[in-house]
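Before any comments, here is the structure.
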Protein chains: 2
Amino acid sequence: MAVIDLPQERREMMLRELRRKGKLVAAELSAEYGVSEDTIRRDLGELASAGLLKRVHGGALPLTPSNMPYYERDKCKQAVKNELAIAASQLVKDDQLILIGGGTTTAEIARNLPINLRATVVTTSPLIALYLAEYAHIEIIMVGGRINKRELVTSDAEATAKIRCFQADLCFLGVCGVHPEVGITSTLYEEVDLVRALIEQSGEVVATVTADKLGAIAPYVVASADNITHIITEKQVPQENLAPYRALGIEVIQA
Amino acid sequence: MAVIDLPQERREMMLRELRRKGKLVAAELSAEYGVSEDTIRRDLGELASAGLLKRVHGGALPLTPSNMPYYERDKCKQAVKNELAIAASQLVKDDQLILIGGGTTTAEIARNLPINLRATVVTTSPLIALYLAEYAHIEIIMVGGRINKRELVTSDAEATAKIRCFQADLCFLGVCGVHPEVGITSTLYEEVDLVRALIEQSGEVVATVTADKLGAIAPYVVASADNITHIITEKQVPQENLAPYRALGIEVIQA
DNA sequence: CTGAAACACGCACTAAAATGCATATAACCG
DNA sequence: CGGTTATATGCATTTTAGTGCGTGTTTCAG
């Protein structure tokens, strides 16, 4: 992991993190960079007086609040999704080719990748593409096609065909439901082919699944559950609910 | 390992190391090159005053932290760009096929379209795609490809080829410079083909041009000025500056 | 209204920077 | 060849930037 040894470097990192995440919390920064909260406060004060961010009680916010589009849906279970995303982001390694599908949790993963990760990411989500643009060493391939406004992704035949052109190391899936027997299911028919392509063109398949989606069944079946290699879910999920997935050879990670 | 015996050689090595690692730490350099920290500091000071790096406490950083993109530029002349965008948005009619290129002004247009506009928009910018997702009756086609992080658009051959699949009614262009004789110019070589495609695949070509870009010349020529059908520019621009464009048959609108 | 968290300020300590000076080496020139 | 000069370097000294801690104050949420 890249060590931060220059104060100025730390400040620039903070600015980038602000652009990615839309806010900075002093206490978190203190832990993240291994310096006291005083130092963080001084940093934030300096950046604020340089006109680079807006200082608020507890942290900082961007000057232009509405530049990065913001989505209401993103709010629910935000904290949980953030936890899952952080755990998921541990699975990536340098120099991999990664596919990221649509969804609020996968978007969260895109904002929580290691800051110096060197990789190529293929995504169908313009929102994720924007988040990734803040990373210096990530090559971004945007998969084109008709935008599905509900999910904010391209999910038509053109997008599916494009995904088929890649053979990735890793894929992050946002799913509507995962059931041990029924498998991966979706509420959107037009997404089925695309998600299937994501799975088939990728070595490891990581599904981030909140507790309510575990064992859930949506109308359209995408693939059997054993196509998944990793499930990231909440800490509080009881072990007996996870056992069926482990029996399928899926590595289950709780965060 | 080549021995470093020339001071100048050492400095060039340091610059290369800076490009490779993104930062230089004085103490490390001292050990690495076997000279005192004083010497390193003098080197860094010299390189800084030559404008080759940014000197910071403890070492040095690149001048442009490789990602000083978009969001900075977006702030400047925001009010003006908004005016131009509102004027530009008047030109769209229902049921048209519209191309929107990259740029801060074109993004502004995307946020200022008539709320009930019924149209199809093709864009290379994920940011614009997100803005457009707010409109109920706009069909969005995202053009895929490698993302240029600086401009936040897809501008590679794949994107250009895709644009060639459309025959649009209208196209909004964000340009680096428009000169009556030299024509439309760009600061980015890789954008040239794409912008040319936008122009050729579109009936009307609307350029939103802030005062400083009117008559400006950037390194790479895209097309002659008479390819433009409409120029939207600032109110304060004197008539004599606009006459050459009108002589080319371009409709000039001041907002 | 009250307790906890965040903040602001001053102080002490460390590391890095600037500055002046001494020395060594290499280049220059008669 | 020998002496002068310019450059590069290291060392000592003073300044300054960065940091953490303690104390008292402000802000915020229940």
Side-chain angles (χ1 to χ4, degrees), chain A residues 1-18 20-63 65 70 72 75-80 82-83 86 115-116, chain B residues 1-63 65:
Chain A
M1 178 53 98
V3 185
I4 313 298
D5 17 36
L6 305 175
Q8 195 59 38
E9 187 189 7
R10 183 184 56 232
R11 286 176 206 124
E12 288 181 7
M13 295 274 243
M14 285 161 62
L15 278 178
R16 278 197 278 171
E17 187 173 338
L18 176 61
R20 264 186 302 131
K21 304 200 184 170
K23 71 173 171 185
L24 292 176
V25 180
E28 289 174 6
L29 294 172
S30 169
E32 190 175 343
Y33 294 105
V35 294
S36 77
E37 291 196 30
D38 280 83
T39 300
I40 295 295
R41 270 194 281 275
R42 271 184 279 244
D43 286 342
L44 293 179
E46 206 164 306
L47 293 171
S49 55
L52 296 169
L53 49 73
K54 183 173 69 177
R55 190 75 172 80
V56 297
H57 197 88
L61 292 171
L63 291 171
Y70 182 69
E72 278 307 309
K75 271 183 172 172
C76 71
K77 303 195 84 176
Q78 175 89 39
V80 171
N82 198 260
E83 292 293 327
I86 291 169
I115 187 67
N116 277 319
Chain B
M1 164 80 164
V3 182
I4 314 296
D5 24 31
L6 305 174
Q8 198 54 40
E9 188 187 4
R10 183 183 55 231
R11 288 181 200 119
E12 287 176 12
M13 296 275 267
M14 286 161 64
L15 279 179
R16 270 190 283 171
E17 187 174 339
L18 176 62
R19 274 201 299 275
R20 202 153 26 90
K21 297 200 195 156
K23 71 175 166 188
L24 293 175
V25 181
E28 288 174 7
L29 294 172
S30 170
E32 187 172 342
Y33 293 103
V35 294
S36 77
E37 292 196 27
D38 287 76
T39 302
I40 296 295
R41 270 194 279 274
R42 270 184 281 245
D43 286 343
L44 293 180
E46 207 164 306
L47 292 170
S49 56
L52 296 169
L53 49 72
K54 183 173 68 176
R55 189 77 171 83
V56 299
H57 199 87
L61 292 171
L63 289 172

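- Looking at residues two or more places apart in sequence or on another chain, you find a side-chain contact (heavy atoms from CB on, under 4.5 Å) between L53(A) and L15(A), L18(A), L24(A), L44(A), L47(A), A48(A), A60(A).
- Among the atoms of the strands shown, none is found under 4.0 Å from any heavy atom of G45(A).
- Applying the salt bridge (charged side-chain N to carboxylate O under 4.0 Å, His left out) test to pairs two or more places apart or on separate chains, those with a residue in residues 39-49 of chain A are R10(A)-D43(A), R11(A)-D43(A), R11(A)-E46(A), E37(A)-R41(A).
- In this structure, the separation between CG on L63(A) and NZ on K54(A) is 8.0 Å, given to the nearest 0.5 Å.
- Axis angle across the helix from dC1(C)-dG30(D) to dG30(C)-dC1(D), with five pairs used at each end and values rounded to 10°: 40°.
- Residues passing the side chain to side chain donor-acceptor pair (under 3.5 Å) test with S36(A), sequence neighbours excluded: T39(A).
- Here the P atom of nucleotide dT7(D) and the CD atom of E9(B) are 19 Å apart, to the nearest Å.
- Qualifying side-chain contact (heavy atoms from CB on, under 4.5 Å) partners for E12(B), counting only residues two or more places apart in sequence or in other chains: Q8(B).
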Scan nucleotides 18-27 of chain C against the protein and return all N/O pairs shorter than 3.5 Å with their distances rounded to 0.1 Å.
| unit_1 | atom_1 | unit_2 | atom_2 | d |
| --- | --- | --- | --- | --- |
| dT19(C) | O4 | D38(B) | OD2 | 3.4 |

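- Contacts of E17(B) classified as salt bridge (Lys or Arg N to Asp or Glu O under 4.0 Å), with partners at least two apart in sequence or in another chain: K21(B).
- D38(B) is linked by a salt bridge (Lys or Arg N to Asp or Glu O under 4.0 Å) to nothing, counting only residues two or more places apart in sequence or in another chain.
- Summarising the geometry, the separation between CD on E46(A) and P on dA17(D) is reported as 10 Å, rounded to the nearest angstrom.
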Polar atoms only, N or O, under 3.5 Å: list the protein pairs with nucleotides 13-16 of chain D and their distances.
none

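- Within residues 21-37 of chain A, the residues having any heavy atom under 4.0 Å from DNA chain D are, by residue number, V35(A), S36(A).
- The distance from atom CD of Q8(A) to atom P of dA16(C) is 16 Å, rounded to the nearest whole Å.
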